> 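Here it is, the structure in full.
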Amino acid sequence: MVAHCCGVSQSEYLEYDYNYQPSRQNGGKTQPPPRIRSNGEHYIDTFNEQPWAFSFGTGEEKGIWMNSGDQAGSIMASLVWLLMTYSAVTVTLLTVTEGIPPILGMIYTFLCCMALASHAKTSLTDPGSVPRSAVPQEEQRRESPSHSMCGQCQTFKPPMSHHCRICNRCVSRMDHHCPWMNNCVGAANLKHFILFLLYTWTCAAYSLVIFGWNYFFCADDDCTFHVLVIHLVRAMTFLCIGAFLFTSSMLMNVTYGLMTGIGTIDRLKKKATNTMSQSDEEPIPLKDVFGIAGYHTWLLPVDPVFDNYDRVMGFSTPQRLVREQQFMEQAAESGKGGMVK
């Protein structure tokens, strides 16, 4: 697919079947090549390189990304779901007992569902693991004749990437390993992590406003909480205060990382060596976090579409480079006015 970088105002499918063979069904015709990309356009590589195995893990051969080796992380990630479910049930009981209007309960339940969906996407999405076949980009090869290698993975180590001992993989633009997500936060799932923080912060603030209004401004029996629910509300108030403070801190931390281009791990290393003033990193563009599929997708826990996947991840693979070359050769021959034969 070809689309403008600022949105999807124009599109044209450029899917190319590498197994295409002229036959009677297609009249012996050669498959039409894709057209040449114009400035400001990109194509989406539709080839699926992911393994088809129905297996869970963080290995390159696993079909579904899930860190199952960290028991503490699994417990903490499950605790997030338990606490969010507890808060949703409490607000639902307030609605059933007519403590708050139904529309307020519906809004809170929706926010909880979005927070949990974002949590699931963060936990089950490959954060940007570097495959064994990774190679430097052409620009990186021109700038430096030598490149870093990971002593654990024995692979090319892109800039700003780190090896996670828990996931046992190198992760591109790794910010940190979050036990609450039971996963690393890297270039590929940073959007989902930000959405989880945003929706959780909104849930906590929304609940505190409702509870505060009831405590300070309720003057009649119509807005008084039911006696059986009041204890749940008190426990949830402490939970919301803790969640509000924690997510506020994490949102400021992530915002600082985007504005400076320095992740949490790199920032701690620079502070330890007193080299923060020598940093030359550039801010991370929002399109490298939320993608270019349109602003309507920014608040949805769906995978972002990057205008240049290799640039965002910091590496390429020989397979992708071969497909890119085939696209360009087909497009160049098509531009000369002849069909490929």
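Side chains included, hydrogens not; waters and symmetry mates left out as well; all remaining heavy atoms used. It should be emphasised that the depicted structure is a prediction, and the values quoted were computed from it without experimental measurement. For the single chain, residues carry numbers from 1 onward in sequence order.
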> Dump the intermediate steps for side chain to side chain contact (heavy atoms under 4.5 Å, CB included) on Lys191 and Val302, then the final yes or no.
CA-CA 9 Å; Lys191 171 192 174 181; Val302 295; 3.7 Å; yes

> What distance separates Phe211 CZ from Cys240 SG, expressed to the nearest 0.5 Å?
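It is 5.5 Å, given to the nearest 0.5 Å.
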
> Report the C-alpha distance between Phe315 and Val135 in whole Å, list the side-chain angles of each, state the deciding distance to 0.1 Å, and finish with yes or no for side chain to side chain contact (heavy atoms under 4.5 Å, CB included).
CA-CA 6 Å; Phe315 66 87; Val135 295; over 6 Å; no

> Is there a path from Met106 to Ile210 through hydrophobic residues (I, L, V, M, F, W, Y) whose side chains come within less than 4.5 Å of each other?
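Met106 does not cluster with Ile210.
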
> Calculate, to the nearest 0.5 Å, the distance between atoms OG1 and CD1 belonging to Thr237 and Ile241 respectively.
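Going from OG1 on Thr237 over to CD1 on Ile241, the span is 6.5 Å.
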
> State, with a plain yes or no, whether a side-chain heavy atom of Pro159 is found less than 4.5 Å away from one of Gln140.
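They are in side-chain contact.
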
> Parallel under 30°, tilted from 30 to 60°, perpendicular over 60°: which one fits the rings of His176 and Phe193?
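His176 and Phe193: perpendicular rings.
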
> Are more than 12 heavy atoms, taken from residues, nucleotides or ligands other than Trp201, located less than 6.0 Å from that residue's CH2 atom?
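Open.
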
> Roughly how far, to the nearest 0.5 Å, is OG of Ser74 from CG of Leu79?
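If I round to the nearest 0.5 Å, the distance is 12.5 Å.
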
> Would you say Leu208 ends up clustered with Leu232 if hydrophobic residues are merged whenever their side chains have heavy atoms under 4.5 Å apart, either directly or through other cluster members?
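Cluster IDs for Leu232 and Leu208 match.
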
> Which heavy atom of Cys150 sits nearest a heavy atom of Cys170, and at what distance?
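Cys150 and Cys170 have their closest heavy atoms at SG-SG, 3.2 Å.
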
> Contact between Arg267 and Thr264 at the side-chain level, heavy atoms closer than 4.5 Å - yes or no?
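They are in contact (side-chain heavy atoms under 4.5 Å apart), so the answer is yes.
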
> NE2/His192 to OG1/Thr125 distance, rounded to the nearest 0.5 angstrom?
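It is 4.0 Å, given to the nearest 0.5 Å.
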
> Of all the heavy-atom pairs spanning Gly261 and Met160, show the shortest one and how long it is.
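Residues Gly261 and Met160, closest heavy atoms: O-CE, 3.2 Å.
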
> Between Met149 and Gln154, is any pair of side-chain heavy atoms under 4.5 Å apart?
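SC-SC contact between Met149 and Gln154 ruled out.
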
> Between Leu190 and Arg173, is any pair of side-chain heavy atoms under 4.5 Å apart?
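Heavy-atom side-chain distance check passes, below 4.5 Å.
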
> Heavy-atom count around Phe110 CZ within 6.0 Å, excluding the residue itself: above 12?
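It does not: Phe110 CZ has 12 such atoms or fewer within range.
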
> Would Met236 end up clustered with Val96 when hydrophobic side chains under 4.5 Å apart are linked, directly or stepwise?
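No, it is not one cluster - the side chains of Met236 and Val96 are not joined through contacts under 4.5 Å.
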
> Within a radius of less than 6.0 Å around CD of Glu61, do more than 12 heavy atoms belonging to other residues, nucleotides or ligands occur?
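Result for CD/Glu61: enclosed.
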
> Would you tell me whether Asn183 and Thr122 have side-chain atoms, one donor and one acceptor, within less than 3.5 Å of each other?
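Side-chain D/A pair, Asn183 to Thr122: absent.
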
> Check whether any side-chain heavy atom of Lys121 lies under 4.5 Å from a side-chain heavy atom of Asp303, and answer yes or no.
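Yes, close enough: below the 4.5 Å cut-off.
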
> Start with the C-alpha gap between Leu93 and Leu228, add the side-chain angles, then the distance that decides, and say whether side chain to side chain contact (heavy atoms under 4.5 Å, CB included) holds.
CA-CA 9 Å; Leu93 290 176; Leu228 297 178; over 6 Å; no

> With a 3.5 Å distance limit and no angle check, can you tell me whether Ser172 reaches the backbone of Gly128 through a side-chain donor-acceptor pair?
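Yes, because the side chain of Ser172 sits within donor-acceptor range (under 3.5 Å) of the backbone of Gly128.
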
> Taking the side chain as every heavy atom from C-beta outward, state whether His163 and Asn168 have any atom pair closer than 4.5 Å.
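His163 vs Asn168: side chains touch.
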
> State whether the side chain of Ser87 and the backbone N or O of Met84 hold a donor-acceptor pair below 3.5 Å, judged by distance alone.
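Answer holds: yes.
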
> Could you measure the distance from the NE2 atom of His162 to the NZ atom of Lys157? Nearest 0.5 Å is fine.
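Answer rounded to 0.5 Å: 7.0 Å.
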
> With a 4.5 Å limit on heavy-atom distance, are the side chains of Met313 and Phe306 in contact?
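Sidechains of Phe306 and Met313: in contact.
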
> Once you round to the nearest 0.5 Å, how far does CD1 of Ile265 lie from CD1 of Ile262?
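Output value for this atom pair is 13.5 Å.
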
> So which atom in Ile284 and which in Asp288 form the shortest heavy-atom distance, rounded to 0.1 Å?
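Heavy atoms of Ile284 and Asp288 come nearest at CG2-CB, 4.1 Å.
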
> Has the side chain of Tyr199 got a donor or acceptor atom that lies under 3.5 Å from a matching backbone atom of Cys113?
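Side chain of Tyr199 to backbone of Cys113, a donor-acceptor pair under 3.5 Å: no, none is there.
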
> Determine whether Phe290 and Ile194 satisfy the following criterion, side chain to side chain contact (heavy atoms under 4.5 Å, CB included), listing intermediate values before the conclusion.
CA-CA 10 Å; Phe290 296 96; Ile194 294 176; 4.3 Å; yes

> Please work out whether the ring planes of Trp298 and Tyr295 are parallel, tilted or perpendicular, with thresholds of 30° and 60°.
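Rings of Trp298 and Tyr295: perpendicular, over 60°.
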
> Of all heavy-atom pairs between Thr95 and Gly105, which one has the smallest distance, and what is that distance?
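Minimum heavy-atom contact is OG1-CA, 3.5 Å.
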
> Between the main-chain N or O of Met181 and the side-chain N or O of Ser123, is there a donor-acceptor pair closer than 3.5 Å?
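Yes; at least one donor-acceptor contact below 3.5 Å.
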
> Could you report the tightest heavy-atom contact between Phe156 and Ser148, atom names first, then the distance?
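Scanning both residues, the minimum pair turns out to be CD1-O, 3.6 Å.
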
> Any chain of hydrophobic side-chain contacts (each under 4.5 Å) joining Val209 to Tyr215?
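Different clusters: Val209 never reaches Tyr215 through Ile, Leu, Val, Met, Phe, Trp or Tyr contacts under 4.5 Å.
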
> For Cys203, does its backbone N or O pair with a side-chain atom of Ser207 as donor and acceptor, under 3.5 Å?
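Yes, Ser207 side chain to Cys203 backbone: donor-acceptor pair under 3.5 Å.
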
> Tell me, do Val80 and Phe196 make a side-chain contact under 4.5 Å, heavy atoms counted?
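A side-chain contact exists here, since the closest heavy-atom pair is under 4.5 Å.
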
> Indicate yes or no for a side-chain donor-acceptor contact from Tyr206 to the backbone of Leu104 under 3.5 Å, with no hydrogens or angles considered.
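Between the backbone of Leu104 and the side chain of Tyr206 there is a qualifying donor-acceptor contact (under 3.5 Å).
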
> If hydrophobic clusters are built from ILVMFWY residues whose side chains come within less than 4.5 Å, do Leu251 and Leu286 share one?
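Result: yes, single cluster for both.
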
> Write down the atom of Asp307, the atom of Lys287, and the distance for their closest heavy-atom approach.
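Smallest heavy-atom distance, with atoms named: OD2-NZ, 3.1 Å.
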
> Spell out, as yes or no, whether a donor-acceptor pair under 3.5 Å connects the side chain of Asp70 to the backbone of Cys167.
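Pair absent, no side-chain N/O of Asp70 close to backbone of Cys167.
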
